[in-house]
There are 2 protein chains.
Amino acid sequence: MRAVDIIRKKRDGQENTREEIQFLIQRHLDSVVPDYQIAAWLMAAFIRGLSDNEMSALTRAMVESGKTVQLPSMTLVKVDKHSTGGVGDKTSLVVAPIVAAAGVVVPMISGRALGHTGGTLDKLEAIPGFRTDLSLEEFQAALREYGLALIGQTAELNPADRRLYALRDATATVESIPLIVASIISKKAVEGIDALVLDVKTGYGAFIQEQGASRQLALRLINAAQEFGIRAAAVLSDMSQPLGNAVGNSLEVAEAVRTLQGKGPEDLVELSLEIAGLMLVLGGAAESHDAGKELARRKMETGVALEKFADLLFSQGSVADIRRLLDELPRSRHVYEYGSPREGYLAECRADQIGWASVALGAGRDRKEAKINAAAGIELLKKRGAPVREGDALALLHYDEAGALERALGFLPAAFEFSETPPPPRPLVQEILGC
Amino acid sequence: MRAVDIIRKKRDGQENTREEIQFLIQRHLDSVVPDYQIAAWLMAAFIRGLSDNEMSALTRAMVESGKTVQLPSMTLVKVDKHSTGGVGDKTSLVVAPIVAAAGVVVPMISGRALGHTGGTLDKLEAIPGFRTDLSLEEFQAALREYGLALIGQTAELNPADRRLYALRDATATVESIPLIVASIISKKAVEGIDALVLDVKTGYGAFIQEQGASRQLALRLINAAQEFGIRAAAVLSDMSQPLGNAVGNSLEVAEAVRTLQGKGPEDLVELSLEIAGLMLVLGGAAESHDAGKELARRKMETGVALEKFADLLFSQGSVADIRRLLDELPRSRHVYEYGSPREGYLAECRADQIGWASVALGAGRDRKEAKINAAAGIELLKKRGAPVREGDALALLHYDEAGALERALGFLPAAFEFSETPPPPRPLVQEILGC
């Protein structure tokens with residue numbers, strides 16, 4: 001078997017066999033097949049597409065490239081969630097403690113911010129002392145002890161995904177549905193989970209702009225998960241405007257904590273309960289989605305989810321006291337109030353523009369190497385549908401340097417769109433699949 | 001400007017600008033843009049194609065990646081030829097001395113055998129002592145002194161082409177018309193030539209199977225050459241069976257020498273005179289193609305071309321005496337006579353199968369690293385159209401080891417096809433373009 005022949009088949013739109021894909025991925029990790037052959041194959045796969053068989057073979061090859069989380073002594077059901085990425089999406093921070101508080105184990109391996117979208121790891125790292133770099137051993141120990149752990153990718157789990165992702169990022173082969181599905185499902189399969197809830201987002205702040213495409217992606221993800229014995233469901237949700245009011249790492253942690261205190265913004269609460277409800281059903285803690293949502297709401301309102309969040313902080317090295325956490329989170333030196341340029345109704349509050357403005361303030365990364373400013377970000381004071389008068393504060397921009405503010409302000413005129421009459425309602429949760 | 005954005009445009013079928021292509025090639029040579037980004041771009045270019053503008057920009061970027069042959073003191077016209085590759089094609093060895101003998105300078109930079117096709121460099125290296133690795137200085141000195149020189153690629157000329165070709169070979173992106181055109185014309189443009197004759201081959205032994213496609217390639221090559229101020233013409237020729245009777249390096253040198261002695265096989269003589277005739281017209285030594293062919297024939301029949309060939313040997317380090325060269329060429333230890341399995345007419349004598357059989361004997365390379373056996377090869381005793389009886393010798397196989405013979409014999413049954421009646425004639429020279 002030769003890599004060049006495998007590449008040629010894909011180039012010509014033929015199907016690669018399982019053995020061929022296994023060969024490419026394994027020999028690449030062994031440094032026998034060089035990066036440039038993988039890059040050529042990825043581009044051919046991007047343009048020609050991958051069949052379900054090829055996608056499944058790729059997923060399995062990635063899973064088998066490293067270790068898998070082993071929790072043989074835990075009989076509790078293990079459930080994770082995955083979002084396709086958005087702006088202001090701190091749902092994981094709310095959902096994980098709720099679900100764990102109901103006795104379902106949540107072994108969550110998350111990613112970092114890239115482009116205009118945020119990343120759970122960067123949010124967690126805004127918490128003083130919080131470690132996201134647990135070893136596989138520490139991760140397993142935390143799960144056994146507290147029933148939840150939130151970490152980043154480790155060297156031992158799925159090394160093939162990290163190598164492939166770095167190549168895809170450099171070769172413009174990221175936005176391929178089968179490559180995305182293989183990456184997501186392989187990362188989840190190595191967590192040793194029993195079930196998975198997918199949050200597939202559509203709109204300005206998501207990488208998909210049409211609900212039909214999101215639905216297709218969700219179905220492929222559900223099918224791919226099931227091939228690995230992972231029961232899966234999906235929420236199709238709107239990401240045309242940021243979720244909640246906070247965008248930026250420290251600001252989002254604070255909003256998640258307030259949500260666990262029962263004081264969260266309506267949309268964040270709604271989506272969190274939908275997702276937590278599904279996780280509880282799949283985790284065997286609730287009979288129906290409605291029952292799951294109700295159980296999740298109780299865990300939130302009674303404060304036990306907040307206690308579980310405190311466990312999480314302790315378990316992963318933060319010395320922050322949950323009661324004083326909101327005061328201990330990093331704060332920016334300056335806050336700028338952005339006023340409405342006109343009167344009317346907010347017809348759009350575009351998540352992509354808000355996301356880029358937030359990156360400009362220092363909250364995200366325009367390049368992989370860029371450093372994050374944990375305190376920087378945007379608080380939205382008005383969201384889609386709100387009536388506004390000229391000069392009304394629309395957002396607070398948290399920043400440290402004037403240059404950052406100036407760059408961020410460049411994005412805001414395009415972020416807010418106005419109308420004379422209230423815009424038609426747009427549901428946050430569009431559809432539930434697979435449950 | 002970022003490589004990933006340039007790749008993305010090509011991936012989506014958009015046109016890259018001249019600056020973008022220049023950036024990719026130059027930064028790749030500077031080791032700023034890594035191989036894997038070039039590999040992804042090559043695959044996107046392979047599948048999406050390149051416009052004439054992109055192809056021209058790529059050609060120029062490759063030309064500008066290194067030095068150019070400089071012969072400021074030579075006022076004589078400089079003309080080269082290029083063949084798209086075939087089996088038994090020793091035309092360069094015949095044509096170069098003929099044309100140089102008529103006072104037109106021939107600065108020829110050739111390639112090596114790969115796959116089932118032969119390479120001029122490997123043929124020349126069958127001559128004891130012959131050096132194909134002249135430095136740029138030595139190449140220029142040889143041209144000034146003798147009016148011809150035949151060498152391989154040097155480190156100083158067109159380094160980008162060598163790096164790109166190595167990547168294309170490993171990433172299944174070789175067979176792309178625009179990439180092929182850019183590679184050929186950039187290699188020729190750095191020779192500092194005034195004119196170029198292209199031999200574009202069609203048939204089993206060529207990489208193109210349809211004359212229409214060959215015609216398209218020839219026209220793109222002619223146009224691309226003209227952009228660099230190189231006047232160009234093309235011969236479309238048949239490569240369904242090997243050219244001449246000899247296939248294999250030492251055997252082909254011997255056949256070329258016999259041709260220069262006026263004793264060459266009909267088809268090789270015909271194509272050599274066609275090409276030499278065109279080179280003489282473009283070189284200003286003849287008024288018309290017919291006059292050029294006649295001049296070429298005289299140079300061959302009077303022996304002055306053979307004398308020029310002797311100059312070439314001397315100039316490039318061979319101590320072989322042209323009068324005894326045929327005895328001094330390497331010979332294989334064994335010769336096997338392959339008999340006809342049946343009676344009839346030879347309807348096909350497939351160049352691809354003969355080429356692979358010759359590679360199996362040791363005359364070529366199935367991998368770039370493979371070593372050549374200069375003495376190995378095949379002498380065809382019958383060619384297409386010949387009447388044969390069962391058991392008649394069709395070919396002599398020159399080999400050193402039984403294993404090589406056995407592997408070669410595996411290809412021969414598919415090489416020879418038979419018919420009850422004489423096959424319809426098939427012209428060797430199909431069309432002349434651009435002259």
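Just the heavy atoms: all of them, side chains too, but no hydrogens, waters or symmetry mates, feed the values below. Every chain is numbered from 1, with letters handed out A, B, ... down the list of sequences.
- The contact between A:A170 and chain B is made by backbone and side chain atoms together, counting heavy-atom distances below 4.5 Å.
- Contacts from residues 200-215 of chain A to chain B, taken as heavy-atom pairs separated by less than 4.5 Å, involve no residues at all.
- Counting heavy atoms of neighbouring residues, nucleotides and ligands inside a 6.0 Å radius, atom CD of A:Q14 exceeds 12 of them.
- Here the closest non-hydrogen pair linking B:I7 and A:A172 is CG2-CB, 4.1 Å.
- Heavy-atom contacts from other residues, nucleotides or ligands closer than 6.0 Å to CD of A:Q22 number more than 12.
- In the displayed structure, B:E406 atom CD is contacted under 6.0 Å by at most 12 heavy atoms of other residues, nucleotides or ligands.
- Residue contact with chain A, scored on non-hydrogen atoms closer than 4.5 Å, involves the backbone of B:D169 exclusively.
- Around the CD atom of A:Q26, the shell of radius 6.0 Å holds more than 12 heavy atoms that belong to other residues, nucleotides or ligands.
- Contacts between residues 42-52 of chain B and chain A, counted as heavy-atom pairs separated by less than 4.5 Å, involve B:M43, B:A44, B:F46, B:I47, B:R48.
- Ranked by non-hydrogen atom pairs under 4.5 Å with chain A, the options B:R11, B:R2, B:R8, B:K10 are led by B:R11.
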